[in-house]
Amino acid sequence: MLIDGHGREVNYLRISVTERCNFRCQYCMPEKPFSWVPKENLLTFEELFLFVKVAIDGGVNKIRLTGGEPLLREDLDKFIAMINDYKPGLDLALTTNAFLLPEAAQRLKDAGLKRLNISLDSLKADVAAKIAGKNVLAQVFKGIDKALEVGLKVKINMVPLKGINDDEILAIMDYCRERNMKIRFIEYMENAHADQALKGMHGREILDKVKEKYTIKALGREGASPSFNYLIEETGYEFGLIDPHKHDFCENCNRIRLTAEGNLIPCLYFDEAMSIAESVKKGDIQGAADVLALVLKDKPKENRWTEEELEGKEVSKRAFYETGG
Ligand code: SAM
Ligand code: SF4
């Protein structure tokens, strides 16, 4: 079992397999970054897998592949198969913008992927294009349909933004309910890479929108998940709200993040990280395990996205496209 310096059990590893992306979402990567990590600095899937084995042997039982856009990385299905073959019962999931899913979904499913989280911020082509920086919606819809068709379990992530897509909360929720997909509304997290003019909707404003039409009942958090669940009493549909501007979920935080170049990150908010690159390139299993132990020991107690803390302070410099959200 992996235990951090605050006594929390860590059993969830999120791996960003690339920072590159085919979208330019305003809240994440509105401009192409000045410099990408050079391709030669990326860890190979074999190197990443060496760390995955260390993590699984230590007690990790849930892995999510993310990015950037993970489907841009060639042979992702082979990496999924490697992990799945090593621990077939593992909860193995992927977060994607769905653009490349029509072609990839079946291969991912065959490789052993169980679940997908798909980002969908609008049902209107012009609004989706404004957020993603290109005309994406028709292809995203095809990707969602294909994922459902091949039997993958799908959750939808939406980031509600004031004056952009805040009028679509109920419509996207209905779209998800009709397809038996759970939706999670994510509060916009301020960061130095986003379009600084953006204003996210606060969790309570998101709930107020839902309450304009429905009666909701608070259900609570799902284990260590940052998502707080609500039930719509009229329809029986459950949705989630991820509200990092409160940090009550930090006390149950069970996750660490690994970037494509091998930085092991204990908390999404902070810049701190330690590299496992040297160890895995040498095949040094003990070295990688030692870095993991150090990162766990120093994992911060909580993030700093609370409103009081953001007031007048510099925002997080962490790039979501690097850490994978
Ligand atoms: N490209 C994939 C996608 O968009 O689903 C995976 C990577 S993306 C960084 C992972 C998640 O982070 C997405 O659901 C996205 O909406 C979310 N995200 C990115 N920047 C964010 C921000 N500033 N605030 C809240 N969520 C953000
Ligand atoms: Fe790309 Fe995902 Fe970031 Fe959008 S949120 S720019 S799709 S990594």
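One-based numbering along the sequence shown. Both ligands and their constituent atoms are indexed starting at 1 by order of listing.
- Heavy-atom separations between Gly68 and ligand 2 include at least one value shorter than 4.0 Å.
- From the protein, the heavy atom lying nearest to atom 1 (Fe) of ligand 2 is Cys21 SG, 2.2 Å.
- Atoms of ligand 1 lying under 4.0 Å from any heavy atom of Thr96, numbered from 1 in the order shown and given with element: 2 (C), 3 (C), 5 (O).
- Hydrophobic clustering (side-chain heavy atoms under 4.5 Å, transitive across Ile, Leu, Val, Met, Phe, Trp, Tyr) keeps Tyr12 apart from Tyr86.
- Between Ala98 and ligand 1 there is no heavy-atom distance shorter than 4.0 Å.
- Judged by the 6.0 Å distance and 45° axis criteria, Lys134 is positioned over the aromatic ring of Phe99.
- Proximity annotation for atom 15 (C) of ligand 1: of Tyr27, Phe99, Phe320, Tyr27 comes nearest, heavy atoms only.
- Looking at ligand 1, you'll find an N or O of Gly68 within less than 3.5 Å of one of its N or O atoms.
- Ligand 1 has at least one atom lying under 4.0 Å from a heavy atom of Gly67.
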- Message: Using the rule given for ring-ring contact (aromatic ring centres under 6.0 Å, His included), can you reason through Tyr230 versus Phe228, listing the C-alpha separation, both sets of side-chain angles and the distance that settles it, and then say yes or no?
- Response: CA-CA 7 Å; Tyr230 293 88; Phe228 195 103; 5.1 Å; yes
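- Between Phe320 and His193, the distance from one ring center to the other does not fall under 6.0 angstrom.
- Atoms of ligand 1 lying under 4.0 Å from any heavy atom of Asn97, numbered from 1 in the order shown and given with element: 2 (C), 3 (C), 5 (O).
- Nearest non-hydrogen protein atom to atom 3 (Fe) of ligand 2 is Cys28 SG, 2.4 Å.
- Every atom of ligand 1 is numbered from 1 in the order shown, and the set under 4.0 Å from a heavy atom of Asn157 is 14 (O).
- With rounding to the nearest 0.5 angstrom, the OH atom of Tyr237 is 8.5 Å from the CG atom of Asn180.
- Contact annotation for Thr95 and ligand 1: heavy atoms of both the backbone and the side chain come within less than 4.0 Å of the ligand.
- Set against the non-hydrogen atoms of Cys28, the atoms of ligand 1 under 4.0 Å away are 19 (C), 20 (N).
- Counting heavy atoms closer than 4.0 Å to ligand 1, residue Glu187 contributes backbone atoms (N, CA, C, O) but none from C-beta onward.
- Annotation: atom 6 (S) of ligand 2 to nearest protein heavy atom, Cys25 N, 3.4 Å.
- Cation-pi geometry between Arg177 and Phe239 is not met at under 6.0 angstrom from the ring centre and within 45 degrees of the axis.
- Between the side chains of Asn61 and Lys87, not a single donor N or O lies within less than 3.5 Å of an accepting N or O.
- The one candidate from Leu120, Val127, Asp121 that meets the side-chain contact (heavy atoms from CB on, under 4.5 Å) condition with Leu137 is Leu120.
- Using modelled atom types, one finds no donor on one side chain facing an acceptor on the other under 3.5 Å when comparing Arg20 with Tyr321.
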